[in-house]
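What follows is one structure encoded as structure tokens, with my remarks underneath.
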Amino acid sequence: MTASEHALDNGDAGVHEGLYAGGIWSWVTTVDHKRIGILYFLTSLVFLLVAGVEGQLLRLQLARPENRFLDPDLYNQLFTMHGTTMVFFAGMPLIVAFFNFVVPLQIGARDVAFPRLNALSYWLFLFAGLFLYSSVPLRAMPDGGWFAYMPLTSSEYSPGLGMDFYVLSLLLAGIGTIAGGVNFFVTILNMRAPGMRFMRLPLFTWMALIVSVLILLAFPPFTVGLVFMMFDRSFGTHFFDAAAGADPVLWQHLFWVFGHPEVYILILPAFGVVSDVIPAFSRKSLFGYPVVVFSGILIAFLGFGVWVHHMFSVGLGPVVNAVFGGATMLIAIPTGIKIFNWIATMWGGQIRFNTPMLFAIGLVGSFTIGGLSGVMHASPPADLQQTDTYFVVAHFHYVLIGGTVFGLFSGLYYWFPKATGRMLSEALGKAHFWLTFIAFNVTFFPMHFSGLLGMPRRTFTYAEGLGLDVFNLISTIGAFMFTFAFIPLFLNLWRAWRKGEPAGANPWDAPTLEWTVSSPPPHYNFAVIPTVDRRDPLWHPHIEVGLGWAGEVEPGGVSPRVQPKEPPEPVHMPDPSYWPLVMGIGMLVMTAGALGSLGVVLLGLAVTMLGLFGWAFEPSESGAH
Amino acid sequence: MEGPSSTGVSNRKLAMWTFIGSECMLFGTLIATYLIYRGRNVVGPYPDELLNIPFITVTTFVLLMSSLMMVLALAAIERNDLKKTKIWLFMTALFGLIFLGGQYYEFNHFVHEGLPLSRNLFSSTFFVLTGTHGGHVAGGVIWLGTLFVRATQGKLDATHAETVEIAGLYWHFVDVIWIVLFTLIYLLV
Amino acid sequence: MSGKSGATAGHSTEPHVSNRFYVAIAVILAVFTALEVMVFYVEALAPFLFAILMVLMVVKFALVVMFFMHLKFDRPLLTGVFAGGLFMAIFVIVALMAVFGKFG
Amino acid sequence: MGAVVLQGCNGEYPQSALHPSSDFATRLDDLFTQIVWWAAGVFVIVEGALIYTIIRFRARPGAPRPKEVHGHIAMEIGWTLAPALILVAIAIPTIQTIFIVDRPTTDEDALVIEAIGRQWWWEFRYPELGIVTANEAHVPVGRTVDLRLRSADVLHSFWVPRLGGKRDLVPGHENQLWFKPDSVGVFWGQCAEYCGTAHALMGTRVIVDEPADFDAWVALNQGSAVALTDPQSRAGRGVFMANACVSCHAVRGSAAVGQFGPDLTHFGGRLTLGAGILENTRENVIRWLDSTQHIKPGSLMPDVELSDEQLEQLAAYLLALR
Ligand code: HEA
Ligand code: HEA
Ligand code: CUA
Ligand SMILES: [Cu+2]
């Protein structure tokens, strides 16, 4: 029985109608999770390019020793902006874009739990990013590195507005992120279709749930750290002032208590994508589903107990280092479990090498390399030679690009047909994959060597006599290959948007709920909310089950395979609203005012309160209740 | 959009509890900082010279009692007793304001005794920790205020019991944090 | 968790607790607060100050959370969500204090 | 800058962690090598299995739908335990090494040196020998060096890879780091914690001498500045004393007692200048004095307006301070 027999083809709504109809205003006021997802996607793509160009400028400067292309201050600003943008304004929002588009569809919901809050999260992300980048024309880019260690970032050693832009922009973005965490946590717990038990959730949704929890627990400590930094800088407090009896190392703790879970925030969604893509393209359900789920939970949990591994050279003493080094190593176990289960899923399958699958396989191969260098860092004495060198830079680009970025590209190729109703070109997709894969390895593999041979990170130049010239040159060449790697991607997106082949509801013969609705999905997603009676509901009516749950059909439900063309009864959807935007603007104004004008802060507060009250007293959905 | 709930808890209530869970980390970090820095002050004034236990006991009592008012307001609206609802909401907000007044007095007193925010490590940690709590109280007072106004306009009845309940969850949480701060800051100097 | 519970969202689970009960809790809270302050002033108890205060604090905390916030009567899920956050917060406090050598 | 400083003495990789020359660095290198082998094994197994799987199970036209296998408990246990065992094998030498390298040295005969990190140069003090110098530390081969690390401003990290791993200089703390060099030579180091504009140019050198050479160096450096013989350098001293130099630099035995910049008492004996970035030659000293901010942007030593003649004289003076 193939899925095409089941999958309802609702006809092709096509790209330019339905989801995409309506003018700018309809996008500004939208509270539809799919549209917000697309806004997130496009915005973070722009930030990715900007940060990518910054990365390439770094590489250009390092192409040869004692280069004088960038002056040191500019270089320092660029790596700070590159890291900060990649993590907070490209990586995370790109992930949230996928949460937005995919999660409600995967759980059989019509929207997220709080659509207007969702819109607010988007505006705060956009405004925080724009605010950070307004430091560029003002020539006040932050230059403290993405983890902004005190006391270099105090007002004494970093006068000027640079670090204020960093602090305030991340505070603003953090509020939106925490709101998003609450939103997705509640959505996934509460809005699952009938029968969608936890052990039937698609893996991507599972990871979204775990990541929401990570956000909720990891961002508050960061927020507190940022507030301390802001107070130290602006109001003369002494949170990190050694002369006043404080300890500047506290900042490092607060940052990494957040920062390490943050890297799992960045990787787990990619793991989720891959856990959905590999089964779909192997035509075989995920091997060891419960184990893959629990290993994700374990990674997240352990992730809170390892932060000191970023501080092995601080001199915290043998006991602390041993405990945190050991805890860090433990994480290799659940991560390995995932890797092995993915391979076991492919084992015995019928593997189709479409672009999503190529990126997924690329992730398994590349992430392993990054993970293994992670384990080398996890040994505190060994790390004394590695920390703050290009060996670390190699590690984290392997996990961030070979992991997060590959995973997100995989997801992009996988869900693009769902989002637009059009197919991407496989030829261009494959070109994109191979170019990216090669460019990535050429850029970052040599950094292992340059690091071990003595190249510290965050240095705008290096001496000729160090023997680092060749490795750096190769890295720079690789970075430029990246530019070409992006060409097929953009060609592909543009071509598909203009004249891609219609996709149909389920072009990949994939097993999860999002593939039952038309592509692009209607405003209300599901004409009738389906009842789910098994994992992978579009596959295998009755299956033998090894480790997991054995299928039983719940009576009285609506089969996910039969989505009628039109909803049988009127569906109430939330109305568009501009209050989130008003509130977002208010908060932006407050943030900008915090650079030095109490009056502007108060103005922003007034606008925020206006937005809040408008929001609270606006009927949220026509005719509801 | 309030759809059916898979867990049996409404979205809003679950969201409030989720938010409270997250707030635990926020206050946890602030408290950790306070505790780590306790006793590391290098210039005075020191906490034991300034903290006024009898005074703060009174405001603590006021905040605790506001929590009682809050549950009474909830109980009232569940019975659809709108008059009582109004009264108790008002009293809760009022007690919250009294607490804030006390905090204002305390801060002011400290500043006059030579402990402005930027004075030393104690002032930094103390003001930011208790100030964050005070900010939460202030937010709660505004929230309760709007509920009170809605109640006086007759726009709040038993169908809105959950709205009051959620505001109450927030309010009690802020109270619970103060229970911890009162012990850690004032009694364990 | 499944379709069955669809419409029953809300607060129907708690038994109707009387106002007297709430007042009783509040009285306990007030008395405990008074006790805390007393303990603070009684020199003889100084060696046990920390232990006593922590116990009283935890009891007050629990009373408010269980009864005023209804966790005792509400869904276990909510207890889980709160306890999860609380547990991690305590973990971070203890771990940070340990790293800063606050436990000797 | 362009100078290839002393490349000859160091082979191709003077700043490499893979070419250890002390007990400390050797320990770290051995540990690292062990982990690399384990990682290589895992790498080969994982990538091998992956490649084999995707080739063998690629879709073939007309093939039936694959059989579902939903899991296999024994296999799950297997690939949980195997990595766990590998990690134990890594953890044991790791912890052993930690308890050696993260503890203060027990060697009573150790040579204590205080290293003070400053934006963007290093001050070295030998408290037992009464020596103060900058950017270059001389140590004898075969004797444990006990470094006491302090910061005068922001975070820095002391790192001379061939002699060992790095350790941060934290305001308000004193950190320790020790190593026993096992061969003579000039070892390159570099600040490894981002510390602001000129972080990249905060180099250092540790010069490991034969004991006799070290003693000679100590004897020389304990004394005040040498007497000047030629008129050129005497004129230079005049320029030095008449300019702002004295407010920042100390030259023992003269009126210059500034504490803000490096001690110049025996500057002429140094191999490098500007925290390891230039070879210490006459032209380079002139260039340095002429355009500090160009050579080391951000440096806290300001450009000083001097005539060419004064520059020549100053260079002669500074290089005479051996
Ligand atoms: C996507 C993000 C991501 C991910 C997933 C990881 C994963 C891991 N990271 Fe990484 N890390 C970063 C992003 C990430 N990291 C970043 C951004 C930094 C630098 C920040 C900065 O300084 O700017 C960093 C820095 C960093 C450090 C500090 C280095 C230093 O500055 O000195 C350490 C130290 O322990 C570390 C360790 C690890 C470990 C052990 C894992 C593990 O989770 C990896 C586990 C995976 C595997 C091990 C591979 C698969 C497993 C098997 C096939 C099983 C068999 C394996 C064995 C038995 C070994 N990382
Ligand atoms: C998700 C995270 C992420 C990603 C994807 C990248 C991607 C890249 N990074 Fe990354 N990097 C970080 C996160 C990331 N980085 C972090 C956290 C740091 C630490 C910062 C710090 O120390 O504070 C860092 C630091 C860092 C350094 C170290 C700087 C230093 O220590 O001195 C370097 C140096 O080579 C570098 C290079 C690159 C390069 C070449 C890429 C390439 O992959 C970029 C690829 C290129 C593009 C994405 C753009 C291509 C597009 C175009 C050119 C335009 C085409 C336009 C159209 C067609 C419209 N990065
Ligand atoms: Cu000093 Cu970097
Ligand atoms: Cu980490």
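Throughout, a chain's letter reflects where its sequence line sits, starting with A, and its residues are numbered from 1. This structure is a prediction, so every number in the text was calculated from the model and none was measured. Atom set for the values below is all heavy atoms of this structure, side chains included, hydrogens, waters and symmetry mates excluded.
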Please look at [X] and chain A and tell me whether the side chain, the backbone, both or neither of the residue comes under 4.5 angstrom of a heavy atom of that chain.
X        : answer
D:Gln119 : side chain
D:Lys67  : backbone
D:Arg27  : neither
D:Leu50  : both
D:Asp153 : both
D:Val69  : both
D:Pro93  : neither
D:Val101 : side chain

Might you point out which heavy atoms bring [X] and [Y] nearest each other, and give the distance in Å?
X        : Y        : result
A:Met346 : D:Phe57  : O-CB, 3.7 Å
A:Gly288 : D:Glu76  : CA-OE2, 3.6 Å
D:Val154 : A:Pro151 : CA-CG, 3.8 Å
D:Leu31  : A:Ser379 : CD2-OG, 3.4 Å
D:Thr53  : A:Ile343 : OG1-CG2, 3.6 Å
D:Pro171 : A:Ala242 : O-CB, 3.7 Å

Inset, instruction - May I ask you to check whether D:Trp159 and A:Gln385 show a side-chain donor-acceptor distance below 3.5 Å? - result: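 The criterion, which ignores hydrogens and geometry beyond distance, is satisfied for A:Gln385 and D:Trp159.
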Legend entry - Any donor-acceptor N or O pair under 3.5 Å, side chains D:His173, A:Asp247: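 Distance-only check passes for D:His173 and A:Asp247.
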Legend entry - D:Phe99 atom CZ, neighbour heavy-atom count above 12 within 6.0 Å: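 Yes, enclosed.
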Legend entry - Flag if over 12 foreign heavy atoms under 6.0 Å of CZ, A:Phe449: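 Not buried by this count: 12 neighbours or fewer within 6.0 Å.
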Of the backbone (N, CA, C, O) and the side chain (C-beta and beyond), which part of [X] lies under 4.5 Å from a heavy atom of chain D, both, or neither?
X        : value
A:Tyr157 : side chain
A:Gln77  : neither
A:Ala322 : both

Inset, instruction - Given side-chain contact (heavy atoms from CB on, under 4.5 Å), test A:Leu372 with D:Val46 step by step and report yes or no. - result: CA-CA 11 Å; A:Leu372 291 172; D:Val46 171; over 6 Å; no
Legend entry - Carboxylate-amine/guanidinium proximity below 4.0 Å for D:Arg65 and A:Asp509: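 Counted as a salt bridge, because a side-chain N and a carboxylate O are separated by less than 4.0 Å.
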Inset, instruction - Start with the C-alpha gap between D:Tyr52 and A:Trp347, add the side-chain angles, then the distance that decides, and say whether ring-ring contact (aromatic ring centres under 6.0 Å, His included) holds. - result: CA-CA 9 Å; D:Tyr52 178 79; A:Trp347 186 273; 5.8 Å; yes
Inset, instruction - Could you give me the CA-CA distance, side-chain angles and deciding distance for D:Phe24 and A:Leu384, then say whether side-chain contact (heavy atoms from CB on, under 4.5 Å) is met? - result: CA-CA 11 Å; D:Phe24 182 20; A:Leu384 291 182; 4.0 Å; yes
May I ask you to name which of [options] has the most heavy-atom pairs under 4.5 Å with chain D?
options                                : value
A:Asp383, A:Asp241, A:Asn341           : A:Asn341
A:Pro248, A:Ser158, A:Gly336, A:Gly245 : A:Pro248
A:Gly349, A:Ser373, A:Ser154           : A:Gly349
A:Pro72, A:Gly348, A:Ala382            : A:Gly348
A:Asp143, A:Leu452, A:Thr459           : A:Leu452

To the nearest 0.5 Å, tell me how far [X] [atom1] sits from [Y] [atom2].
X        : Y        : atom1 : atom2 : value
D:Asp168 : A:Met311 : CG    : CE    : 9.0 Å
A:Ile369 : D:Phe43  : CD1   : CZ    : 4.5 Å
D:His294 : A:Arg68  : NE2   : CZ    : 5.0 Å
A:Phe340 : D:Met75  : CZ    : CE    : 10.0 Å
A:Arg458 : D:Cys195 : CZ    : SG    : 11.0 Å
A:Ile333 : D:Trp79  : CD1   : CH2   : 15.0 Å

Inset, instruction - Could you check A:Leu453 against D:Gln15 for side-chain contact (heavy atoms from CB on, under 4.5 Å), going step by step and ending with a plain yes or no? - result: CA-CA 6 Å; A:Leu453 292 176; D:Gln15 200 167 295; over 6 Å; no
Legend entry - Short side-chain to backbone donor-acceptor contact, D:Glu68 and A:Lys284, under 3.5 Å: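 No: the side chain of D:Glu68 does not pair with the backbone of A:Lys284.
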Inset, instruction - Keeping the roles fixed (side chain from D:Asn175, backbone from A:Val314), state whether a donor-acceptor pair exists under 3.5 Å. - result: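 Pair found, side chain donor or acceptor close to backbone of A:Val314.
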Inset, instruction - Let me know which of A:Tyr149, A:Tyr75, A:Phe79, A:Trp146 forms a ring-ring contact (aromatic ring centres under 6.0 Å, His included) with D:Tyr194. - result: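 Testing each of A:Tyr149, A:Tyr75, A:Phe79, A:Trp146 against D:Tyr194, the sole residue satisfying ring-ring contact (aromatic ring centres under 6.0 Å, His included) is A:Phe79.
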Legend entry - Note, A:Met357 side chain near D:Ile54 side chain (heavy atom, < 4.5 Å):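 They are not in side-chain contact.
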Inset, instruction - Could you tell me which of D:Thr97, D:Ile35, D:Leu87 has the largest number of non-hydrogen atom pairs under 4.5 Å with chain A? - result: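 Of the candidates given, the most pairs with chain A belong to D:Leu87.
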Inset, instruction - Any chance you could lay out the side-chain contact (heavy atoms from CB on, under 4.5 Å) test for A:Thr389 and D:Lys166, step after step, and finish with the verdict? - result: CA-CA 11 Å; A:Thr389 70; D:Lys166 53 188 81 64; 3.7 Å; yes
